[in-house]
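Notes follow the structure.
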Amino acid sequence: MQIVLATHNKDKIREIKNLLTDLPVEIKTFEDFPEMPDVDETGATLEENAILKSNAINEYTGLAALADDTGLEVDALGGQPGVYSARYAGPGCSYEDNCNKLLEELKNVSVERRGAAFRTVIAITWSEGDVETAEGIADGIITSSKQGVSGFGYDPVFYYPPAGKTFAEMTLDEKNKVSHRGLALLKAKELIKTHLKNI
Ligand code: ITT
């Protein structure tokens with residue numbers, strides 16, 4: 001079976017590929033489909049956006065498509081930036097712009113109130129067009145300055161208490177074992193294994 005990853009985010013592709021290596025599936029990306037569209041994320045929830053992306057790329061390629069929609073939900077901001085995590089600091093912003101804006105917004109917030117969660121919803125649209133989803137959550141604390149250079153996005157400001165460090169201070173394997181995306185993909189792998197048995 002072939003599965004195409006419905007994303008243009010190379011950092012996500014690196015993490016997802018690393019987690020799917022032991023499955024008997026061939027992973028395709030936008031590099032195999034250079035004209036693959038960037039899907040507008042017009043949904044109100046991570047689940048809606050993940051399904052929008054997996055459906056659109058399934059229709060475009062005719063293959064099973066796997067999409068990831070992820071948000072950082074910060075308690076002191078009422079769950080924001082959430083679905084707007086990619087463009088939190090404005091259109092065309094960088095990862096660094098987003099981290100800086102978050103640190104600025106929280107600069108007067110005490111450590112007890114800096115709780116946050118990364119949430120990922122994975123949607124898989126099978127080649128026949130039906131969809132299944134899986135969710136993963138990681139709980140952490142927003143730091144008061146950036147720490148670490150691995151990972152991507154908000155990883156330098158996301159402290160993960162069980163490891164005693166930020167996601168950006170972890171290796172890819174360490175992060176994947178406990179992260180929102182890692183946990184969602186663990187469930188998605190079960191969906192893929194069941195699907196493989198039934199085709
Ligand atoms: P696609 O829609 O093409 O998949 P995207 O970057 O737009 O890529 P999202 O809509 O899911 O992805 O946006 C989520 C943003 O949240 C992303 O741009 C990063 O800034 C951040 N993010 C996602 N996963 C993350 C992770 O594991 N660690 C840190 N930040 C992450």
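Whatever order the structure lists them in is the order used to number ligands and atoms, beginning at 1. Every value quoted in this text rests on a predicted model; they were computed, and no experiment measured them.
Between R181 and ligand 1, a contact under 3.5 Å exists for at least one N or O pair. By the 3.5 Å distance cut-off applied to N or O atoms, D69 is counted among the residues near ligand 1. Taking distance alone, with nitrogen or oxygen atoms compared against 3.5 Å, D155 approaches ligand 1 more closely than that limit. Considering backbone and side-chain atoms alike, N98 places every N or O at 3.5 Å or more from each N or O of ligand 1.
From L46, atom CG reaches atom CD of E135 across 7.5 Å, with rounding to the nearest 0.5 Å.
F158 does not count as a contact of ligand 1, since none of its heavy atoms falls under 4.0 Å from the ligand.
Annotation: atom 30 (N) of ligand 1 to nearest protein heavy atom, Y154 N, 3.0 Å. Atom 6 (O) of ligand 1 has its closest protein heavy atom at N9 ND2, 2.9 Å. Given atom 16 (O) of ligand 1, the protein heavy atom at minimum distance is S85 CB, 3.7 Å. Looking at atom 23 (C) of ligand 1, its nearest protein heavy atom turns out to be T70 CG2, 3.5 Å. The nearest heavy-atom contact from the protein to atom 12 (O) of ligand 1 is K12 NZ, 2.9 Å. When only non-hydrogen protein atoms are considered, atom 31 (C) of ligand 1 lies nearest to F152 CE1, 3.7 Å. Protein heavy atom in closest approach to atom 7 (O) of ligand 1: E41 OE2, 3.7 Å.
Remark: D155 engages K175 in a salt bridge, criterion side-chain N to carboxylate O under 4.0 Å. Between E15 and K12 there is no salt bridge, since no side-chain N of the basic residue sits under 4.0 Å from a carboxylate O of the acidic one. Salt bridge annotation for K53-E41: present, with a cationic side-chain nitrogen under 4.0 angstrom from a carboxylate oxygen. Salt bridge E26/K28: present, at least one basic N to carboxylate O contact under 4.0 Å. Salt-bridge check for E104 with K101: failed, with every basic side-chain N at 4.0 Å or more from each acidic carboxylate O. Taking a cutoff of 4.0 Å between a charged side-chain nitrogen and a carboxylate oxygen, D68 and R181 qualify as a salt bridge.
Side-chain contact between N58 and N55 is absent, with no heavy atoms from C-beta onward closer than 4.5 Å. For the pair V74 and P81, the minimum side-chain heavy-atom distance is below 4.5 Å.
Near K53, meaning under 4.0 Å from any of its heavy atoms, are these atoms of ligand 1: 1 (P), 2 (O), 4 (O), 10 (O). For ligand 1, the atoms lying closer than 4.0 Å to a non-hydrogen atom of H8 are 3 (O). Close contacts between ligand 1 and K175 involve ligand atoms 26 (C), 27 (O), 28 (N) [criterion: under 4.0 Å to a heavy atom]. Counting atoms of ligand 1 from 1 in the listed order, those under 4.0 Å from a heavy atom of T7 are 1 (P), 3 (O), 4 (O), 8 (O). Those atoms of ligand 1 with a heavy atom of Y95 less than 4.0 angstrom away are 19 (C), 20 (O). Close approach to H180 involves these atoms of ligand 1, each under 4.0 Å from a residue heavy atom: 25 (C), 26 (C), 27 (O). Here is the list of ligand 1 atoms found below 4.0 Å of a heavy atom in F118: 28 (N), 29 (C), 30 (N), 31 (C). Near G153, the atoms of ligand 1 lying under 4.0 angstrom from a non-hydrogen atom of the residue are 20 (O), 29 (C), 30 (N).
Both L106 and V157 are members of a single hydrophobic cluster when ILVMFWY side chains are connected at heavy-atom separations under 4.5 Å.
Taking the six-membered ring for Trp and thresholds of 30 and 60 degrees, Y60 and F33 have ring planes more than 60 degrees apart, a perpendicular arrangement.
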Discussion item. As a quick check of understanding, evaluate side chain to side chain donor-acceptor pair (under 3.5 Å) for E96 and S94, giving each step before the final call.
Written reply: CA-CA 5 Å; E96 191 167 15; S94 66; 5.4 Å; no
Discussion item. Under the criterion ring-ring contact (aromatic ring centres under 6.0 Å, His included), I'd like the reasoning laid out for F152 against Y95: C-alpha separation, chi angles, the key distance, then a yes or no.
Written reply: CA-CA 7 Å; F152 68 100; Y95 291 151; 5.7 Å; yes
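Of the listed residues (G182, A86, A89), the one carrying the non-hydrogen atom nearest atom 13 (O) of ligand 1 is A86.
When non-hydrogen atoms are compared, ligand 1 lies under 4.0 Å from neither the backbone nor the side chain of F167.
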